[in-house]
**Q** 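Take this structure, written in structure tokens, and hold onto it; I'll ask about it next.
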Amino acid sequence: MLFKHIRQRSAGRPKVAHAVVVIFMEFFAWGLLTTPMLTVLHKTFPQHTFLMNGLIQGVKGFLSFMSAPLIGALSDVWGRKSFLLLTVFFTCAPIPLMRLSPWCFFALMSVSGLFAVTFSVIFAYVADITEEHERSTAYGLVSATFAASLVTSPAIGAFLSLRYGDSLVVLLATIIAVADILFVLLVVPESLPDKMRLSSWGLPISWEQADPFASLRKVGKDSTVLLICVTVFLSYLPEAGQYSSFFLYLGQVINFSSEAIAGFIAMVGILSIGAQTLLLSVLMKKIGNKSTVLLGLGFQLFQLAWYGFGSEPWMMWAAGAVAALSSITFPSVSALVSRCTDHDQQGAVQGMITGIRGLCNGLGPALFGFIFFLFNVELKELSPVEPNPVTPDTEEKRVIPGPPFLFGACTVLLALLVAVFIPAQHAPAVKTCSTHVMMESASGVTENGSVPVW
């Protein structure tokens with residue numbers, strides 16, 4: 001069988017390093033395309049660029065929401081490697097088409113959301129090979145790798161695009177994407193233990209578990225998991241919208257140059273690496289998981305409000321530093337969800353969380369694009385524009401330069417209020433919660449103890 005053949009193509013012990021390399025190469029390839037994508041997006045959709053960008057990302061995100069629980073559940077049965085190969089391939093598949101056919105590029109980019117859920121499989125992969133007490137650190141490392149991949153790639157892509165043209169950048173990104181696929185195929189070992197995988201072969205797949213809407217209904221049976229999922233939705237909705245339009249916003253509204261945008265991404269990436277490794281580890285040990293999540297949400301609230309009211313470049317740089325600190329939220333939430341999940345259901349539950357994020361990836365960009373459209377904020381040209389003379393009208397518009405970011409701050413405030421009610425000790429109410437958590441609850445272990453808990 002194909003899945004069995006793929007699993008036998010590599011040998012060795014699975015390590016977190018394998019997950020780190022896969023994530024780094026995938027997002028490094030896409031990071032190279034930051035500047036060329038702005039150009040292609042503007043040329044393909046000269047009118048209502050923000051809105052079309054939101055719709056493209058919206059379709060992709062909604063498809064990810066529909067498919068992530070299914071792919072996660074299947075990986076619990078047939079192993080992680082086969083589906084890791086599948087998700088990496090379809091995530092990177094649109095890259096070569098950017099220069100060949102922009103319309104096909106954006107179309108394939110939209111439908112690739114059916115399989116572009118690498119993070120759910122990666123987090124399940126990490127959960128397979130790490131102990132509970134080290135899982136939050138491992139998740140932080142994977143998330144930091146995502147930031148690290150964006151430290152230099154946008155700057156490199158902008159330089160190569162300016163010096164040699166977009167075609168070379170697309171070619172380089174394609175080569176890296178192919179290398180990533182080959183790395184998964186030939187080097188990455190299977191992480192799901194053989195006896196778990198073999199015992200699952202004869203069992204039917206629970207389609208209720210794979211159905212995204214059924215998964216969401218199941219969440220309602222466990223109040224703690226429900227609170228976590230609502231927190232993820234409310235906090236990631238503005239984050240997804242921000243990622244889809246912020247670089248366009250910096251260039252159009254704040255008058256950042258391409259070099260400044262690349263430098264901004266590098267700065268946020270470097271600070272995010274430190275936040276998701278050193279800072280996250282310290283916070284998890286000192287203040288516990290729940291307080292770490294609340295602190296990350298507080299940073300995100302402050303950052304989005306600053307983006308909304310900020311009108312000067314230095315304000316964006318300062319808010320970007322705060323944004324890096326807010327990146328601690330997702331790995332700590334992922335560790336919490338993993339801790340409440342049976343070992344043989346990590347893929348399904350991580351897929352459910354990724355599905356919620358995918359739904360946000362669908363709604364967030366479309367919502368931000370629509371709000372920009374309502375406030376007549378459009379991408380007129382790619383190069384920085386000269387500031388308009390100060391008039392009463394322009395002065396009034398400068399009161400809130402970024403309305404979508406203020407909307408995002410409001411949703412994060414709601415997420416913060418919901419997260420306050422997440423209990424320090426979780427009493428499992430559904431089958432997906434592990435016996436380890438039940439034992440820890442019975443023994444009185446708190447989230448501030450020695451066992452660490454987007």
**Q** Does the side chain of Pro36 come within less than 4.5 Å of Met98's, by heavy atoms?
**A** yes
**Q** Of all the heavy-atom pairs spanning Glu26 and Val88, show the shortest one and how long it is.
**A** OE1-CG2, 3.6 Å
**Q** Any donor-acceptor pair under 3.5 Å linking the side chain of Ser110 with the backbone of Phe106?
**A** yes
**Q** Can you see which heavy atom on Gly113 is nearest to which on Ser67, and at what distance?
**A** O-OG, 3.5 Å
**Q** How close do Ala260 and Phe256 get, counting heavy atoms only, and between which atoms?
**A** CB-CD2, 3.7 Å
**Q** To the nearest 0.5 angstrom, please state how far the OG atom of Ser272 sits from the CG atom of Leu280.
**A** 12.0 Å
**Q** Looking at Phe27 versus Phe119, is the centre-to-centre ring distance below 6.0 Å?
**A** yes
**Q** Please work out which of the three classes, parallel, tilted or perpendicular, describes the rings of His18 and Phe183, given edges at 30° and 60°.
**A** tilted
**Q** Return yes if some donor-acceptor pair links the side-chain N/O of Thr411 with the main-chain N/O of Leu234 below 3.5 Å, else return no.
**A** yes
**Q** First locate atom CG of Leu114, then atom OG1 of Thr87, and finally report the distance between them rounded to the nearest 0.5 Å.
**A** 13.0 Å
**Q** Which heavy atom of Ile328 sits nearest to which heavy atom of Leu279, and what is that distance?
**A** CG2-CD2, 4.4 Å
**Q** Where do Ser281 and Thr137 come nearest, in terms of heavy atoms and distance?
**A** OG-OG1, 4.4 Å
**Q** A side-chain contact here means heavy atoms from C-beta on lying under 4.5 Å apart; do Leu271 and Leu325 qualify?
**A** no
**Q** Please tell me if the side chains of Ile261 and Phe264 come closer than 4.5 Å, counting only heavy atoms from C-beta onward.
**A** no
**Q** Do the two ring centres, one from Tyr249 and one from Tyr307, sit under 6.0 Å apart?
**A** no
**Q** CE of Met284 to NZ of Lys290: how many Å apart, nearest 0.5 Å?
**A** 14.0 Å
**Q** Angle class for the Trp30/Phe105 ring planes (parallel below 30°, perpendicular above 60°, tilted otherwise)?
**A** tilted
**Q** Please name the residue in the list Val169, Leu32, Thr34 that meets the side-chain contact (heavy atoms from CB on, under 4.5 Å) test with Ile156.
**A** Leu32
**Q** As an exercise, state the distance from OG of Ser153 to CZ of Phe28, rounded to the nearest 0.5 Å.
**A** 5.0 Å
**Q** Between the side chains of Thr329 and Gln300, is a donor N or O closer than 3.5 angstrom to an acceptor N or O?
**A** no
**Q** Centre-to-centre under 6.0 Å for Phe89 and Phe115, is that the case here?
**A** no
**Q** Taking side-chain contact (heavy atoms from CB on, under 4.5 Å) as the criterion, tell me which of Phe309, Trp306, Phe368 meets it with Phe405.
**A** Phe368
**Q** Would you indicate whether the side-chain heavy atoms of Phe83 and Val117 approach each other to under 4.5 Å?
**A** no
**Q** Considering non-hydrogen atoms only, spot the tightest contact between Gly320 and Val268 and give its length.
**A** O-CG2, 3.6 Å
**Q** Does any part of the side chain of Phe123, heavy atoms only, come nearer than 4.5 Å to the side chain of Val142, both counted from C-beta?
**A** yes
**Q** Any heavy-atom pair between the side chains of Val22 and Tyr125 that's under 4.5 Å?
**A** no
**Q** Distance check, rounded to the nearest 0.5 Å: Thr91 atom OG1 versus Asp180 atom CG?
**A** 9.5 Å
**Q** Can you tell me how far apart OG (Ser326) and CG (Leu297) are? Round to the nearest 0.5 Å.
**A** 9.0 Å
